[in-house]
Protein chains: 2
Amino acid sequence: MDDRRPGEVPLLLAMTFRAMTDHLHARLVELGREPLRPAHGYVFRYLADHPGATVVDLAARLDVTKQSASKTVTELADWGYLERRSHPTDGRAQILVLTERGREYLHLADELWAESEKQWAAVIGADRLDAVHADLRAYLDHVYGDHRINIRPVW
Amino acid sequence: MDDRRPGEVPLLLAMTFRAMTDHLHARLVELGREPLRPAHGYVFRYLADHPGATVVDLAARLDVTKQSASKTVTELADWGYLERRSHPTDGRAQILVLTERGREYLHLADELWAESEKQWAAVIGADRLDAVHADLRAYLDHVYGDHRINIRPVW
DNA sequence: TCTGACTAGTCAGCCCAGTTGACTATCTGC
DNA sequence: GCAGATAGTCAACTGGGCTGACTAGTCAGA
């Protein structure tokens, strides 16, 4: 059963993530929602967790240039998912704030990701899924220690 | 401990894969090797597992157009990792064959991916890693059933 | 056996999300 | 108050994907 080829696990991680991404995308289409890309989802999540974040903060977290982050922000702002507000103390900076629409979308996305989790749990059992969750966390904590980390996969 | 936010697991999968990809990339640089992209690795793996494959086969597996697959193949052929040979029976087609250099690179990549696995195993234990492996496989088998699947993540 | 539909692969041109580089406006430490 | 750092934007480029149009070869049927 466990004829595990050395080096196979990372590939399986990627394939699994791809499968879940496909599911999310299909569900969004099914619901008639704009299928934002995962990169957008990361923006939402980051802003929800870090109120007062700026474009530069976001760029650092996503590990892209500030120009690229700025472009994404412009796009999401045009679509009404977030707003730029003037920074209270720094005249150069703008803080990024999710709109109600943005928070609602984030909530929906979480629910749809959770569908994939439930699907997985149905196959392997909820306790095993909890174990996987803990194991992933343990690995990331070990690799990155305290300081936070790159969210976006790179190809 | 298991205050698992619903929908968090897919993100953790992506972050873990990203961490392992970063590790691979860093090791390749360290060894003075050309840091081919993961997409190239998928080509190598597919060709190693499917001798006699053509560009069209590859395109189907990677879920890209044949034009795109052809471009990647040209690149890898220019770098000496694979060769195009005339198809024995079909005058239109070419079969793709890994060179010794290509097989050597694939072997190295597997070793480097395995380093990440070992690192993970050191944190959570080998038995837990085996469990994760089995759980990933179980999910993919459930989602895709028999017919094989998309390897390449999509953004 | 010829012909029409299909298939393998390439060429050319476009698109999009990222990049680098140059710039303005503002902030901060000496 | 000035020099250097920082937030953000504009412009031009790149790379890896795409569509569309094409050539060359295959194959099935009348």
Side-chain angles (χ1 to χ4, degrees), chain A residues 14 18 21-22 25 34-43 46-47 50-79 81-97 150-155, chain B residues 14 18 21-22 25 34-44 46-47 50 52-79 81-97 150-155:
Chain A
R18 161 70 187 245
T21 302
D22 284 347
H25 191 274
E34 323 86 320
L36 302 189
R37 279 164 288 115
H40 295 135
Y42 299 151
V43 173
Y46 181 71
L47 294 185
H50 300 81
T54 67
V55 167
V56 169
D57 295 336
L58 189 59
R61 181 52 168 273
L62 297 181
D63 196 24
V64 297
T65 58
K66 57 186 182 173
Q67 292 91 328
S68 176
S70 177
K71 197 188 288 187
T72 303
V73 163
T74 299
E75 205 174 29
L76 290 175
D78 286 346
W79 293 340
Y81 291 109
L82 57 82
E83 290 173 0
R84 302 180 208 241
R85 296 197 189 146
S86 54
H87 193 283
T89 62
D90 189 333
R92 298 165 301 176
Q94 301 163 359
I95 59 174
L96 304 174
V97 185
N150 295 328
I151 245 175
R152 184 182 64 107
V154 72
W155 302 97
Chain B
R18 162 69 185 247
T21 303
D22 284 348
H25 191 274
E34 323 85 323
L36 301 189
R37 280 164 288 116
H40 295 133
Y42 299 152
V43 173
F44 288 163
Y46 182 71
L47 293 185
H50 299 81
T54 67
V55 166
V56 169
D57 295 336
L58 190 58
R61 180 52 168 271
L62 297 181
D63 197 26
V64 297
T65 59
K66 56 186 182 172
Q67 293 91 326
S68 176
S70 177
K71 198 188 285 188
T72 303
V73 163
T74 300
E75 205 173 31
L76 290 175
D78 286 346
W79 294 339
Y81 291 107
L82 58 81
E83 290 173 0
R84 302 181 208 240
R85 297 198 188 145
S86 54
H87 193 284
T89 63
D90 190 332
R92 299 165 300 178
Q94 302 162 0
I95 59 173
L96 305 174
V97 185
N150 294 330
I151 247 175
R152 184 183 63 105
V154 72
W155 301 96

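The figures that follow rest on heavy atoms only: side chains count, while hydrogens, waters and symmetry mates do not. As the structure is a prediction and not an experimental result, all values here were calculated from the model. In what follows, chains are A, B, ... by sequence order, proteins preceding strands, each numbered from 1.
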Using atom names, set out every protein N or O paired with an N or O of nucleotides 23-27 of chain D below 3.5 Å, distance rounded to 0.1 Å.
{"residue": "D:dG25", "atom": "O3'", "partner": "B:Gly91", "partner atom": "N", "Å": "3.4"}
{"residue": "D:dG25", "atom": "N2", "partner": "B:Arg92", "partner atom": "NH1", "Å": "2.9"}
{"residue": "D:dT26", "atom": "OP1", "partner": "B:Gly91", "partner atom": "N", "Å": "2.7"}

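The stretch residues 66-73 of chain B touches DNA chain C through B:Lys66, B:Gln67, B:Ser70, each having a heavy atom under 4.0 angstrom from the strand.
One atom, OH of B:Tyr42, and another, P of D:dG16, lie 16 Å apart when rounded to the nearest Å. Rounded to a whole Å, the NE2 atom of A:His40 is 7 Å from the P atom of C:dA17. One interatomic measurement links the two molecules: CG of B:Leu76 to P of D:dG16, which rounds to 11 Å at whole-angstrom precision. Atom CG in A:Leu58 sits about 10 Å away from atom P in D:dG8, given to the nearest Å.
At a threshold of 4.0 Å, the pair A:Arg61-A:Asp57 does not count as salt-bridged, since none of the basic side-chain nitrogens sits closer than that to a carboxylate oxygen.
The main-chain N or O of A:Ser70 is found under 3.5 Å from a side-chain atom of A:Thr74 such that the two form a donor-acceptor pair. No side-chain donor-acceptor contact under 3.5 Å links B:His50 to the backbone of B:Leu47.
A:His40 and A:Trp79 have perpendicular rings, their planes meeting at more than 60° on a 0 to 90° scale where under 30° would count as parallel.
For the pair B:Val97 and B:Leu82, the minimum side-chain heavy-atom distance is 4.5 Å or more. Between A:Ile95 and A:Arg84, every side-chain heavy-atom pair lies at or beyond the 4.5 Å cut-off.
Among all heavy-atom pairs drawn from B:Leu96 and B:Val55, the shortest one is CD1-N, 3.8 Å.
Contact annotation: B:Thr65 side-chain N/O to D:dG17 OP1/OP2 distance is not under 4.0 Å.
Qualifying side-chain hydrogen bond (donor to acceptor under 3.5 Å, both in side chains) partners for A:Gln67, counting only residues two or more places apart in sequence or in other chains: none.
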